[in-house]
Amino acid sequence: PWNFLDGSNFTEAQLRSMAKKLEQLLAEKGIKPYYPGDTNMVFVSVSPDQYERIIAHYDLHYWEEEERLLRFCMTHETDDGLIDHLISLL
C-alpha cells in the first residue's frame with residue numbers, strides 16, 4: 001500500500017494532504033521528515049528497532065541504508081487506518 005500513484009481517482013492534492021498527515025503524526029513521535037516537501041511522499045530516518053517493527057507488518061526496505069531512511073508514498077490504497085497502524089508501530 002505504500003506505492004507510487006497509479007492513475008486512481010485520488011487527486012494529487014488529496015495524496016499530498018495524506019502525506020502531510022503522516023508527517024504530522026510522525027513529528028508527534030519525534031520523527032521529522034528527512035526531506036521536507038509538498039509531495040505524496042514522506043522520507044524519514046528511523047531507529048533499527050522501529051525499522052524491525054515496521055517490516056514485521058509491511059514489505060519495506062531502506063531507501064538509503066546508511067541513514068536508515070524509509071520512503072512512504074501515498075496512493076489510492078493509503079487510508080487513515082493504514083497511517084494510524086504505521087504510527088502505532090512506532
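Taken to the nearest 0.5 Å, the CG atom of Asn40 stands 7.0 Å off from the CD atom of Glu12. The CE atom of Met41 sits 13.0 Å away from the CG atom of Leu22 when rounded to the nearest 0.5 Å. The structure places OG of Ser45 at 8.5 Å from CD of Gln50, a figure rounded to the nearest 0.5 Å. Atom OG of residue Ser88 and atom NZ of residue Lys29 lie 7.5 Å apart, to the nearest 0.5 angstrom. Between the CG atom in Leu89 and the CG atom in Asp84 there is a gap of 11.0 Å [rounded to 0.5 Å]. Rounding to the nearest 0.5 Å places CD1 of Ile31 at 7.0 Å from CD1 of Ile87.
For the pair Arg53 and Val46, the minimum side-chain heavy-atom distance is 4.5 Å or more. Looking at heavy atoms from C-beta onward, Glu77 lies out of side-chain contact with Leu82 at the 4.5 angstrom threshold.
The heavy-atom pair separating Met74 from Ile83 by the smallest distance is SD-CD1, 4.4 Å. Closest of all the heavy-atom pairs between Asp38 and Lys20 is OD1-CE, 4.1 Å. The heavy-atom pair separating Lys32 from Val44 by the smallest distance is O-CG1, 3.9 Å. Listed here is the closest heavy atom pair of Leu60 and Tyr51: O-OH, 3.6 Å.
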Problem - Full working for side-chain contact (heavy atoms from CB on, under 4.5 Å) between Thr78 and Thr75 - result: CA-CA 5 Å; Thr78 309; Thr75 74; 3.8 Å; yes
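Qualifying ring pair (Phe, Tyr, Trp, His ring centres under 6.0 Å) partners for His85, counting only residues two or more places apart in sequence or in other chains: His57, Tyr58. In this structure Glu64 satisfies the side-chain contact (heavy atoms from CB on, under 4.5 Å) test together with Glu66, Glu67, Leu69, sequence neighbours excluded.
When the shell of 6.0 Å around CG of Asp59 is examined, it contains 12 or fewer heavy atoms from other residues, nucleotides or ligands.
When Phe72, Tyr62, Tyr35 are each tested for a ring pair (Phe, Tyr, Trp, His ring centres under 6.0 Å) with Phe43, only one passes: Tyr35.
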